[in-house]
Structure formats: C-alpha cells, structure tokens
Amino acid sequence: MSQNTITCRLCNGEATYVFSKKFIHKYDVSLFRCNHCKSLQTEEPYWIDEAYADPRPVRDVWMVERNQRLQAIVYLTTKIFGFSSNDKILDWGGGNGLLVRILRDVGLDAYLLDKYATNYYAVGFEDNPSQDYSIITAFEVWEHLPHPIITFEEIFQRQPKIHLISTSLYSGQDDD
C-alpha cells in the first residue's frame, strides 16, 4: 500500500485517499474510501482518546429529537416481538445515556455501554458484561469506531435475540 492507500479497517480491502480534514481543531487527518465496501474512514485514529476527553456535552441540536425517534423504534420493536418489561436492552455506544434514560421512562429495562462518552442521563444503568440482553442497539456508532470489525465481533458475541443497528452511509457527500 502506498501513502495514498490504507487497508480498510472494516473489510481489509484497499482504501484510497479522498480528502483531508482538520479534527478537533488541530490535527490534519486524511480520509480514505474503501474501493470494495465503500466505507469512508480516517487514517488510524490516534486522536480518539483526546477527542472524547472533554467532559462537556457535544453541541448536537438534533440529539433530543433523534433519541425520541429511536425510543419509538425500540419500543415498537419490543411490542412487535412480544418482549416484556423483564427483557433487558443494551444501547451499545449510547453516548451520554439519553436514549437509555427515555427508554427506562417508558418502562423498558435499558442499559448503556460506551467506551468513550460520559454517561450523564443513565448513571447507575451501565452494562454488566455478564448480563444477557434481549436487544442490543447501536445507533450511529459505526462511523465513530477506530476498528469497527472488532466491535462487530464484540456485539455479536453477546448473542441477543435482536440487534438494532443503523448508521448513515457515505455516498459521495462533500468533505463537510
């Protein structure tokens, strides 16, 4: 591989340089698009711990509305598949815990796992690795992972009855 290519951290294909962006206002980071799976990814994310070190909440003006929609999706899933209030839900990469909090507010037994973000809203409801979960959610998580294939393996090893996973796909958007 040349400096213009890297190995894709999702499928191990060849990823080609497409543009650079400044990350956390100080690092010039190269982004690559996989020629096989079309994943857009950065060079090895050496800055990730620093990016998540700031305990202040991220300014995300759509956070509440998005989590309300996700709450409805998870709630409907539990009803469609006949889960009870005893079935446990794990929100993988759940950020500040807002989704877990509002799931609990409607009577669902939800917990949080996030290796980077600070849990503000679901304190006391963190993941217990030995716990079995009926549902594992991972909404808009994959694009933030330094090594997504490793996290895929971790999630699927937990063997819930249902995985609810989503992410936005890169399909030629500009560099913003």
Undergrad: Flag yes if Leu98 and Val123 sit in one hydrophobic cluster, no otherwise; membership is Ile, Leu, Val, Met, Phe, Trp, Tyr, and two members link when side-chain heavy atoms are under 4.5 Å apart.
TA: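 Looking at the clustering, Val123 is in a separate group from Leu98.
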
Undergrad: Tell me whether Arg158 is salt-bridged to Glu154, with the criterion being a basic N under 4.0 Å from an acidic carboxylate O.
TA: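 Salt bridge absent between Arg158 and Glu154.
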
Undergrad: Distance check, rounded to the nearest 0.5 Å: Leu103 atom CG versus Gln71 atom CD?
TA: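 The CG atom of Leu103 sits 6.0 Å away from the CD atom of Gln71.
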
Undergrad: Verify the cluster assignment for Leu70 and Val106: are they in a single hydrophobic cluster under the rule of side-chain heavy atoms below 4.5 Å apart?
TA: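 Yes; tracing contacts between hydrophobic side chains, which count when under 4.5 Å, links both residues.
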
Undergrad: Looking at Thr42, is its backbone amide N or carbonyl O close enough to the side chain of Arg9 to form a donor-acceptor pair, meaning the two atoms are under 3.5 Å apart?
TA: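 Yes, because the side chain of Arg9 sits within donor-acceptor range (under 3.5 Å) of the backbone of Thr42.
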
Undergrad: Check whether any side-chain N or O of Lys38 sits under 3.5 Å from a backbone N or O of Asn35 as a donor-acceptor pair, and report yes or no.
TA: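 Side chain of Lys38 to backbone of Asn35, a donor-acceptor pair under 3.5 Å: yes, one is there.
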
Undergrad: Determine whether Phe81 and Val74 fall in the same hydrophobic cluster, where Ile, Leu, Val, Met, Phe, Trp and Tyr are linked whenever their side-chain heavy atoms lie under 4.5 Å apart.
TA: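 Yes, same cluster.
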
Undergrad: Inspect the surroundings of OH in Tyr17 and state if more than 12 heavy atoms from other residues, nucleotides or ligands are less than 6.0 Å away.
TA: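 Counting other residues, nucleotides and ligands, OH of Tyr17 exceeds 12 neighbours.
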
Undergrad: Can Tyr75 be reached from Ile80 by stepping across I, L, V, M, F, W or Y side chains whose heavy atoms are under 4.5 Å apart?
TA: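 Same cluster.
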
Undergrad: Report yes or no: does Arg104 contribute a side-chain atom to a donor-acceptor pair with the main-chain N or O of Ala110 at less than 3.5 Å?
TA: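 Confirmed, Arg104 side chain pairs with Ala110 backbone.
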
Undergrad: Taking atom OG1 of Thr137 and atom CG of Leu90, what is their separation to the nearest 0.5 Å?
TA: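 CG of Leu90 is found 7.0 Å from OG1 of Thr137.
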
Undergrad: Indicate the ring-plane relationship of Tyr46 and Tyr27, choosing parallel, tilted or perpendicular according to the 30° and 60° boundaries.
TA: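 Plane angle over 60°, so perpendicular.
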
Undergrad: Evaluate Thr7 against Asn12 for side chain to side chain donor-acceptor pair (under 3.5 Å), listing each step before the verdict.
TA: CA-CA 5 Å; Thr7 299; Asn12 290 319; over 6 Å; no

Undergrad: Between Gly93 and Val141, what is the shortest heavy-atom contact and its length?
TA: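 That closest heavy-atom pairing would be O-CG2, 3.8 Å.
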
Undergrad: Can you tell me if NE2 on His36 sees more than 12 non-hydrogen neighbours from other groups inside 6.0 Å?
TA: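 No, because the 6.0 Å sphere around NE2 of His36 holds 12 heavy atoms or fewer from other groups.
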
